[in-house]
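Here is the structure we will look at.
The chain is numbered in sequence order, starting from 1. Just so you know, ligand 1 is whichever comes first in the structure, and atom 1 is the first atom listed for that ligand.
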Amino acid sequence: MKCRRCENKASVHMRQHKLALCKEHYLEWIPEQTERFIKKYEMFTRHERILVAVSGGKDSLSLWDILVRLGYQVDGLYLGLGIDGGIGYSDESRRLTEKFANANNLKLHIVDIEKEYGQPIPVLSQISHRGYGKPCAVCGLAKRHEMNRIARDLGYDVLATGHNLDDEAAVLFGNTLSWSGDYLLRQGPVLAGAQGLARKVKPLCRFYEREMTAYAIARDIEYIYEECPFADGSQSIFYKESLNLLETARPGVKLTFYLNFLEAKKSGNLFVDRNAGQALLHSCPKCGQPTSAPDLCSFCRMIGKASTARTPDLQL
Ligand code: AMP
Ligand code: FES
Ligand code: ZN
Ligand code: ZN
């Protein structure tokens with residue numbers, strides 16, 4: 001298959017967008033799209049100072065790379081969580097983040113949780129007895145707290161994270177399965193700032209995970225392949241796998257799920273009680289059953305149409 005923008009052979013095929021691009025044009029397309037999302041959701045401007053939270057994974061390193069390429073004022077923040085998991089997870093992710101920052105001459109802030117608070121995340125988790133033995137709850141809490149603290153203390157206007165569409169769709173799926181209204185109303189590409197809370201943005205929220213992998217590889221970004229060792233068997237991985245099954249059968253379903261949710265939220269249609277208008281029902285003039293249609297009920301209209309449509313066929 002050929003690239004949509006030139007005569008060269010396509011190297012990235014995106015069934016979900018019915019789009020194929022060569023490497024060169026793919027590396028143009030990703031920043032163009034990111035810029036579009038930044039503007040569409042009014043995330044930030046070129047006059048604002050951005051702090052991007054970088055974990056050493058493909059998404060956040062790519063996000064940093066894209067924002068720099070687009071000419072934004074953006075520095076990095078790495079949080080040392082003190083997670084080993086037999087693979088030196090935190091040490092390796094820090095090494096790769098520092099390597100990227102040095103190679104591109106970028107400013108990186110490093111905060112080590114153990115140095116700052118006396119214990120690494122797994123120990124803090126044990127001591128606090130939160131999260132049923134897994135440190136993920138304490139880790140999430142510490143990450144949110146520290147990201148906000150640094151953004152605020154160092155005077156950044158906005159905090160950006162590398163969450164991609166797969167992350168967002170999985171969170172949405174989980175919140176929908178449990179109908180967690182408060183979480184659903186808060187989920188989105190931008191969380192407005194408030195007193196003491198930095199504005200939070202997710203510029204990659206419309207990119208599939210595999211689109212970000214392809215970007216990181218095409219840009220020769222060295223990132224940590226391993227997931228956090230504690231993520232194994234997590235609910236979020238289960239939701240991602242379930243959504244991937246749906247996506248294989250219906251390419252694009254993940255994006256539609258997320259975008260239609262954002263639309264419904266924007267138009268105020270989420271959780272509107274449509275039955276509130278029941279008083280407007282009247283009797284259908286033909287069958288007498290209650291209906292909200294202005295004249296005949298939908299069933300009688302359907303039967304009416306079917307009988308007129310069938311007549312010429314039967315005469316043939
Ligand atoms: P996760 O919660 O691990 O899926 O990561 C989501 C986003 O949080 C990443 O894309 C990063 O922007 C940010 N993040 C995760 N871990 C770290 C970390 N150790 N230091 C800085 N940012 C992080
Ligand atoms: Fe925090 Fe896994 S427990 S990244
Ligand atoms: Zn091309
Ligand atoms: Zn506090």
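- There is a side-chain donor-acceptor pair under 3.5 Å between Lys254 and Asn244.
- Within the 4.5 Å cutoff, the side chain of Ile83 has heavy atoms near those of the Pro122 side chain.
- The N/O atoms of Leu81, backbone and side chain alike, include none that comes under 3.5 Å of an N/O atom in ligand 1.
- When each atom of ligand 2 is checked for a heavy atom of Cys139 under 4.0 Å away, the hits are 1 (Fe), 3 (S), 4 (S).
- Only the backbone of Leu77 comes within 4.0 Å of ligand 1, judged by heavy-atom distances.
- An N or O contact shorter than 3.5 Å links Leu79 to ligand 1 by distance.
- For a threshold of 3.5 Å applied to N or O pairs, the pair formed by Ala160 and ligand 1 contains no separation below that value.
- In this pair, Tyr72 and Phe44 present their aromatic rings perpendicular. The plane angle is above 60°, beyond the 30 to 60° band.
- Near Cys228, with a cut-off below 4.0 Å to any heavy atom, the atoms of ligand 2 are 2 (Fe), 3 (S), 4 (S).
- Atoms CZ and SG, from Arg4 and Cys22 in turn, are 12.5 Å apart once rounded to the nearest 0.5 Å.
- Here atom 21 (C) of ligand 1 lies nearest to Val54 when heavy atoms of Val54, Ile83, Asp167, Ile150 are compared.
- In this structure, Phe100 has its ring center no closer than 6.0 Å to that of Tyr223.
- Between the choices Ala170, Ser60, Ser55, Gly56, the shortest heavy-atom distance to atom 15 (C) of ligand 1 belongs to Ser55.
- Judged by the 6.0 Å and 45° rule, Arg49 forms a cation-pi pair with Tyr156.
- Atom 19 (N) of ligand 1 lies below 4.0 Å from at least one non-hydrogen atom of the protein.
- Nearest residue to atom 1 (P) of ligand 1 from Lys143, Lys202, Glu227, Glu146 is Lys143 (criterion: closest heavy atom).
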